[in-house]
Amino acid sequence: MLRDLINNHTPLKSNFERLSTLFQCAINAYKYPLNGNHLSQLGELSGYYCVEDIHKRMLQNPIGQRILKDKPRVTPETFKIEELLKLDQNTFGYQYGKFMKERDFSSGERPIVKYIPDLELAYVYQRYKEIHDFIHVLLMYDVSVYDEIVVKWFEMAQLGLPSATLSAFVGSFKLNCQEKQKLIETLPDILKRANKSEFIMNVYFEEHINTDITQLRKSLRLL
C-alpha cells in the first residue's frame, strides 16, 4: 500500500535545496492556484516539524500506534463508493460515499507526498490529506470556499500545519462581507470543537464504516 509513496519519494539533500524548492513551489502555487500539486508540495516543505509533532501524538495513543503500524490508505480500492452506498444511510460509510458521489470526487485524486525525507512521516502527511474528506463529513461542511475555510480552521487548531493556517487566514480574505460575518460567528464554535474533540489523526476511520454517524460524532466529541 506504500508503493506509490516509495516510488514518488524524492528526499531533498540539504536545507538550501529545501528552501529553493519551497520558494519555487510557492511561486507555482501563486501562479497556478488550480493546480493542487503545487499547494500540496508547499504544505510538505513548510510543515515538516508539525508532521513530526503529529507523529509523536500518534505514537502516544494506542489507536494512533495501530494506524502507524497498519498504515491504512484511503483509495478508490479501499473505499469503494458503490459498496458504501449499499450501507444503512445512517452509517459513516454511507454518508462518506454519498458525499463523494454527489460531488464526483475520487480519493485517488489526492497528490502523493514527495518531499518529506522520512517515509514514516511522509505516510503521516499522506494520511492527513486522505482523511480530509472524512473531516468534511463529520463536521457537516460542504466544499464551497466558505465551507473549506471553516474546515481549514478546524485543521489548523487541531494539527497546527502551516498549510492549513495559511489557507484559513488567507482564504478568509476571499469571502464576501456576508460570509466573513458568518465566519466570525462560526469560529468560536469550530475552534471549541477542534480543541475538545479527539485528535483526528488518531481515528481509525476504516473501523467505523458501519458506525452510526451521529454516534461517531458524539464519541469523537464533535457534537
Side-chain angles (χ1 to χ4, degrees), residues 1-15 17-26 28-29 35-61 63-79 105-139 148-149 151-171 194 197-206:
M1 290 299 292
L2 294 183
R3 186 171 300 141
D4 54 349
L5 269 173
I6 294 170
N7 291 340
N8 201 51
H9 196 224
T10 311
L12 302 175
K13 298 177 182 179
S14 66
N15 288 333
E17 187 177 6
R18 177 172 292 277
L19 285 172
S20 62
T21 306
L22 188 152
F23 183 68
Q24 186 60 55
C25 285
N28 289 338
N35 188 323
N37 277 313
H38 299 314
L39 187 59
S40 175
Q41 291 171 4
L42 181 62
E44 294 175 35
L45 292 162
S46 63
Y48 177 77
Y49 295 108
C50 288
V51 176
E52 275 192 321
D53 183 63
I54 292 169
H55 181 250
K56 289 177 183 177
R57 293 180 69 179
M58 293 178 74
L59 285 174
Q60 293 167 358
N61 180 278
I63 297 176
Q65 290 173 15
R66 284 202 296 115
I67 293 171
L68 291 173
K69 178 183 177 181
D70 299 344
K71 291 183 172 54
R73 298 292 301 278
V74 183
T75 70
E77 289 73 37
T78 58
F79 283 80
F105 286 176
S106 170
S107 55
E109 296 171 353
R110 295 288 177 194
I112 303 300
V113 171
K114 183 176 183 178
Y115 292 123
I116 293 179
D118 183 277
L119 274 173
E120 177 88 349
L121 297 182
Y123 168 75
V124 170
Y125 195 73
Q126 187 69 33
R127 177 70 173 177
Y128 154 69
K129 294 199 295 181
E130 291 180 356
I131 68 169
H132 176 75
D133 291 318
F134 295 160
I135 300 174
H136 274 271
V137 173
L138 289 172
L139 295 179
E148 189 65 49
I149 289 170
V151 172
K152 287 300 180 185
W153 276 93
F154 177 91
E155 293 179 348
M156 179 195 75
Q158 271 237 338
L159 308 173
L161 288 165
S163 57
T165 303
L166 181 66
S167 297
F169 279 96
V170 175
S197 67
E198 292 290 333
F199 189 53
I200 206 71
M201 292 292 291
N202 287 335
V203 181
Y204 211 136
F205 288 100
E206 289 78 1

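Values below: every heavy atom of this structure, side chains too, minus hydrogens, waters and symmetry copies.
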To the closest 0.5 Å, what do you measure between [atom1] ([X]) and [atom2] ([Y])?
X	Y	atom1	atom2	result
Lys71	Tyr123	NZ	OH	7.0 Å
Ile112	Leu2	CD1	CG	10.0 Å
Ile135	Leu159	CD1	CG	6.5 Å
Ile54	Tyr125	CD1	OH	8.5 Å
Leu161	Leu166	CG	CG	11.5 Å
Leu138	Phe205	CG	CZ	5.5 Å

Thr165: which of Lys152, Met156, Glu155 passes side-chain contact (heavy atoms from CB on, under 4.5 Å):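 Going through the options one by one, the only one that passes is Met156.
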message: What I'd like to find out is whether the side chain of Phe134 reaches to under 4.5 Å of the side chain of Val203, using heavy atoms alone.
response: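 Heavy-atom side-chain distance check fails, nothing below 4.5 Å.
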message: Does any part of the side chain of Ile131, heavy atoms only, come nearer than 4.5 Å to the side chain of Met201, both counted from C-beta?
response: yes
Polar side-chain atom of [X] near backbone of [Y] as donor-acceptor pair, under 3.5 Å:
X	Y	answer
Asn7	Arg3	yes
Asn202	Asn61	no
Glu130	Arg73	no
Asp118	Glu120	yes

Might you point out which heavy atoms bring [X] and [Y] nearest each other, and give the distance in Å?
X	Y	value
Pro72	Ile67	CD-O, 3.4 Å
Ile149	Ser167	CG1-O, 4.4 Å
Tyr128	Ala164	OH-CB, 4.3 Å
Ile200	Gln158	N-OE1, 2.9 Å
Gly160	Cys50	O-SG, 3.1 Å
Phe154	Ser197	CZ-OG, 4.0 Å

- prompt: Quick one: do Arg127 and Glu206 make a salt bridge, cutoff under 4.0 Å?
  reply: yes
- prompt: Can a salt bridge be assigned to the pair Lys129 and Glu109 using a cut-off of 4.0 Å between side-chain N and carboxylate O?
  reply: no
